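Have a look at the structure below before the remarks.
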Amino acid sequence: MFRIFFLLLVLCGITACATPTRLGISDAEWQNYSSDQQQKIKSGYYEMLKSRGKTDDEPIVSDGSALNVRICAGQVAMPPFTDLSNYSPVELSVISGNCQTVQINELNGNKKVPMKVCYLNKTLYIDPSRYDQTKKLGSIQLHYSPIWDRGFTYQNVSSSGYAHLTNANVTVRKYENNEPVDSAN
């Protein structure tokens with residue numbers, strides 16, 4: 001009997017920790033989720049917390065290259081709002097083995113949303129999910145292709161991460177660290 005009571009007490013304590021605000025979700029948005037969806041979000045959050053202490057099996061290796069990434073067109077969500085907005089194009093450089101966060105600004109307004117971009121082990125990760133463990137690095141995963149050397153545009157790309165890119169164009173160009181970025185492309 002004591003074990004059951006203790007288990008219920010622990011479960012109530014854990015559930016209380018994962019408040020919508022702590023999860024990065026507004027109370028209004030949280031109310032739109034069903035109780036099953038809320039439970040999945042909380043479970044994903046705890047799974048992610050658990051995994052942060054672990055190291056990945058595959059070591060991160062830098063190959064000395066970098067990517068110039070340009071994201072434009074389409075729309076993006078501006079949490080805590082769920083409606084999609086047009087945004088100003090974003091251009092960044094990310095060095096192999098690193099991540100960075102880029103700010104996406106609403107085209108005709110003052111809303112903005114941060115979005116993480118990583119270039120790890122010859123894979124470009126964009127817009128990670130805070131709740132889905134399989135997409136913790138990025139809900140968009142673009143694996144290296146030789147066409148990146150001259151530049152390539154992926155059209156109508158959509159993500160299921162925090163920013164929810166919709167029908168975006170993502171241009172990727174690889175260069176060596178000592179080669180300057182050609183922003184004319």
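Note that this is a predicted model, so its numbers are computed, not measured. Heads up: numbering here begins at 1 and tracks the sequence.
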Does any non-hydrogen side-chain atom of [Y] lie less than 4.5 Å from one of [X]?
X: S93; Y: N68; value: yes
X: Y87; Y: L165; value: yes
X: N105; Y: Q103; value: yes
X: K116; Y: Q100; value: no
X: Y162; Y: V113; value: yes
X: C118; Y: L124; value: no
X: R70; Y: V170; value: no
X: L120; Y: Y125; value: yes

Donor-acceptor side-chain pairing of S34 and D36 below 3.5 angstrom = no
Testing the basics here: between [X] and [Y], what is the closest heavy-atom pair and its distance to 0.1 Å?
X: S139; Y: S159; result: OG-CB, 3.2 Å
X: Y175; Y: L67; result: CE2-C, 3.8 Å
X: I95; Y: A66; result: CA-CB, 3.9 Å
X: Y144; Y: K174; result: CE1-CD, 3.5 Å
X: A73; Y: N169; result: CB-ND2, 3.8 Å
X: T101; Y: P114; result: CG2-CB, 3.8 Å

Do L107 and V76 belong together in a cluster built from hydrophobic side chains that touch within less than 4.5 Å?
-> no
Would you say L84 and I140 are hydrophobically clustered, going by side-chain heavy atoms of ILVMFWY under 4.5 Å?
-> no
Might you confirm whether atom CG of N110 has over 12 heavy atoms from other residues, nucleotides or ligands at distances under 6.0 Å?
-> no
Take Y119 and S65, measure what side-chain hydrogen bond (donor to acceptor under 3.5 Å, both in side chains) needs, and give me the verdict at the end.
-> CA-CA 10 Å; Y119 180 33; S65 67; 3.2 Å; yes
Please walk me through it: do N121 and T123 pass side-chain hydrogen bond (donor to acceptor under 3.5 Å, both in side chains)?
-> CA-CA 6 Å; N121 298 336; T123 301; over 6 Å; no
In Å and rounded to the nearest 0.5 Å, what is the CG to OG distance from D127 to S158?
-> 10.5 Å
Is it true that a side-chain atom of T166 and a backbone atom of H164 form a donor plus acceptor pair closer than 3.5 Å?
-> yes
Check the pair K111 / S85 against side chain to side chain contact (heavy atoms under 4.5 Å, CB included), numbers first and verdict last.
-> CA-CA 9 Å; K111 293 186 232 171; S85 301; 4.2 Å; yes
Test R173 against V69 for side chain to side chain contact (heavy atoms under 4.5 Å, CB included), laying out the working first.
-> CA-CA 7 Å; R173 181 174 175 260; V69 180; over 6 Å; no
Checking side-chain hydrogen bond (donor to acceptor under 3.5 Å, both in side chains) for the pair S160/K135: CA distance, chi angles, key distance, verdict?
-> CA-CA 9 Å; S160 59; K135 299 173 184 173; 3.0 Å; yes
